[in-house]
Every structure is written in structure tokens, then in C-alpha cells.
Protein chains: 2
Amino acid sequence: MRDDHTTGTAQDEVTLGRIETEVALLMRLGEATRRATGTAEHRVLDRAAYVILRHLDSAGPQNVSTLAAKLNLDGSTVTRQVSALQRDGLIARTPDPADGRGTVISPTPAGLQRMAAVQAARTRLYGDILAAWSPDDRETLAELLHRLNDALESRNRRR
Amino acid sequence: MRDDHTTGTAQDEVTLGRIETEVALLMRLGEATRRATGTAEHRVLDRAAYVILRHLDSAGPQNVSTLAAKLNLDGSTVTRQVSALQRDGLIARTPDPADGRGTVISPTPAGLQRMAAVQAARTRLYGDILAAWSPDDRETLAELLHRLNDALESRNRRR
DNA sequence: CCCAGATAGCTGTATCGTACAGGTAAATCA
DNA sequence: TGATTTACCTGTACGATACAGCTATCTGGG
């Protein structure tokens, strides 16, 4: 990459460009990995379902709109995801006692179990991928990714 | 399922779990950001088109199969992406002089210009998001993401 | 108390990215 | 040269998503 861009210390521009590149690449690779890994056996839980179950697990039962807002998804999308999850017995819908329009979505034991299995498989996968890394580097990666996500999230919220 | 995995220290398991979580989150946020950012003005170039143009830019003109292999995509997918790019004047197809079955895909000036614009916008976005970060931290993030991608890629290739 | 608006969720429809199966034409090899 | 492989395209299907429009319910000002 040449120094196309003037502003700020050139070095910083370069670094930002690298980050942009690497994030784009990671998204592509992550998708490919998920596709390759999932197709085989745990086709059981596609990406959307997994994030919904994770969120329900960590944030507790909640209704569709809340879920949609948290996940940055349209309500209709979540409605459909949730329907599929219910069909598969992974979540339950109960009428919201406090609001006749709402339904509260909660994970079923089967759903939690399924989610945990996928999570464990993914964690194992990362263990495999990062086998050669030092604990320190892993720690730093986790930390920086966390901060990156925080930054992305607060920026998304701000607009 | 505690230390199913032996090798190491519970702490390491925890770190792997965090990495798994953060990567999943990043993919979701990245999608959301792209959607939010892109819709407004540079709806000009969706994700798939962008990665294709980037690849053509960095790796030079090449035919559909090569491109598909590099991008971990099915040939038919790339065929269609390329058709759309051609329709929009962003790439050109020329018959492969060395192989009558093949077509060589190359970016047009318009395509490169468009790609550079999107790339610059994204880089600017990261500059914005990471405004509060020290150059050192940015550098480390870029470096670790690069190593993570390398690891993911070689793992994908290996199977 | 009632109605006007807001909100929760669902359904219809559309788009995008992707895969797989099957076709045709060109290349290659035994 | 004929069988096989390769490169690409087309048909079809699916998953994830958005937006628009619908119904049922809630809520706040008269």
C-alpha cells in the first residue's frame, strides 16, 4: 500500500487501512468457516439462531422488540427467527403478562443445551486455530476485540 | 463441562470463550455497520462486489474459477457477482487467450475508483471509531487480526 | 370514559448472497 | 480420437434480512 492519503501521520493511515482490511477478511473467513464447519454436523444451529439463543441466555427472557433492538435487527426478522426456533423447540413464547400485545421469548432447556454445544464446538475450534499462540497474545486479542466491539457499538448507537 | 480440554489452565478456556464471543459479536456488528453505513449513500458497492474488486486489485486480473477458489466461494456465485459488476461497468471480461473456456476478469478504472472510495470511507470510519485509541493499540490490533486471519486461513486450507 | 395516536407483533413481498445440480463448450490425456 | 476433466453459465432453492402494511392492544388528553 502506498501513501495515498496524506492526512495524519502517514503511519496511522496505514494502520487504519490494515485494520479495515483485516476486519473485512475476518468477516469473510468467519462466514466461510461457519459454512464449512456447520454444514457437516451442527447444521443444527445457524448463525442467527445462535446469536438469539446467546442473547436470551445472557440477558434473560424478553420480548421480540427488545431482542430486535439489542441485535440491531428488524422486528420482522426476529419474529421469523423466533418462529423457526419455536418450531424446533429451542425457545418458548409466553404471553407477556404486563402487555397484551407482547410475547416473551425464553430459551428452552433444549435450546440452551444446543447453544452450549455449539459454543463449546466453536471454542474448541478457536483453541485449535490458536494452538500456536501464547496465552498472552490470546489474552490481548480478546481484550482488543472487546474494545473494538465496544467502540463499534457505541458508534452505532450514537447515530 | 469444565476442563474437558485439558491442556491448559482454566484461564485459557475462558480466554478462548471470550475470543469466540467477540468474533461472533464483531461479525454481527460489522454487518450492521455496513448495512447502516451503506444504505445511505454508498449503496454503490455491496460487500461481495467490494471483496471481488479488492482481490482483483491486489492479485491482478484472473478468471472466475481462480477468483472463486481464492474467495472460498462457489463458481456460480462468482459468475453472478461478476455479471452484476460487468453490468455496472466495474469489471471487464475478456476471453482468456490461453484457454478458450475461460474468461479473464479485470477491474475497470471505474471499478478501481469505486473500490478505492469505499475503502477510503471505511478507513475513515475506523479512524472515527478508534479515535480514542493509542497508535500502539491500533498497531497491535492490526497485527493480531492479521495473525488471526492467517491462522483461520491456513486451518481452512488444511481441511 | 373514549378516542387518537403509539407500539408489539405478524404477514406479504423483495433483495442479496450463497450453494448445488445440471448443461455446454473447450481442453487434455491415454 | 474418444473419454474425462475443466470452466463457465443457468435454473433453482434457501437463509437472512428489510420495508410496508395489517391487527390487536396500550396510553394519554379531552
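Below, chain A is the first sequence line, B the second, and so on; all start at residue 1. What you see is a predicted model, and the numbers here were worked out from it, not measured in a lab.
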Is any side-chain heavy atom of B:Leu85 closer than 4.5 Å to one of B:Leu53? yes
Q | Side-chain donor-acceptor contact under 3.5 Å, B:Thr66 with B:Asn63 | A | yes
Check your understanding: Are A:Val104 and A:Leu73 co-members of a hydrophobic cluster defined by side-chain heavy atoms under 4.5 Å apart?
Key -> no
- Query: Any link between A:Leu145 and A:Met27 through a network of hydrophobic side chains (Ile, Leu, Val, Met, Phe, Trp, Tyr) touching at under 4.5 Å?
  - Reply: yes
For [X] and [N], what is the distance between atoms [atom1] and [atom2] respectively, to the nearest whole Å?
| X | N | atom1 | atom2 | value |
| --- | --- | --- | --- | --- |
| A:Arg28 | C:dG17 | CZ | C1' | 14 Å |
| B:Asp96 | C:dA27 | CG | P | 9 Å |
| B:Met27 | D:dA16 | CE | P | 12 Å |
| A:Leu67 | C:dA8 | CG | C1' | 13 Å |
| A:Gln62 | C:dA8 | CD | C1' | 14 Å |

Do any N or O atoms from the side chain of A:Asp74 and from the backbone of A:Ser76 form a donor-acceptor pair under 3.5 angstrom?
yes
Q: In plain terms, say whether A:Arg54 and B:Glu20 are close enough for a salt bridge, that is, a side-chain N and a carboxylate O under 4.0 Å apart.
A: yes
Answer yes or no: is there an ion pair linking B:Asp137 with A:Arg147, defined by an N-O contact shorter than 4.0 Å?
-> yes
Any chance you could lay out the side-chain hydrogen bond (donor to acceptor under 3.5 Å, both in side chains) test for B:Asp136 and B:Ser134, step after step, and finish with the verdict? CA-CA 5 Å; B:Asp136 261 19; B:Ser134 75; 5.6 Å; no
Look for any protein N or O under 3.5 Å of an N or O in nucleotides 9-11 of chain D and output each such pair with its distance, or none.
| unit_1 | atom_1 | unit_2 | atom_2 | d |
| --- | --- | --- | --- | --- |
| D:dC9 | OP1 | B:Arg93 | NE | 3.3 |
| D:dC9 | OP1 | B:Arg93 | NH2 | 3.2 |
| D:dC9 | OP2 | B:Thr79 | OG1 | 3.0 |
| D:dG11 | N7 | B:Arg80 | NH2 | 3.4 |
| D:dG11 | O6 | B:Arg80 | NH2 | 2.2 |

Check the interface with nucleotides 23-25 of chain D: list each N/O to N/O pair with the protein under 3.5 Å, or write none.
none

Can you check whether B:Gln81 has a side-chain N or O nearer than 4.0 Å to OP1 or OP2 of C:dC16? no
Between B:Val104 and A:Asn72, whichever has its closest DNA chain D nucleotide further toward 5' is B:Val104
Give the intermediate values and the outcome of side-chain hydrogen bond (donor to acceptor under 3.5 Å, both in side chains) for residues B:Arg93 and B:Ser106. CA-CA 7 Å; B:Arg93 277 171 159 123; B:Ser106 32; over 6 Å; no
Open item on the list: Using a 4.0 Å heavy-atom cut-off, does B:Asn63 contact any base of the nucleic acid, only the sugar-phosphate backbone, or nothing at all?
Closed with: sugar-phosphate
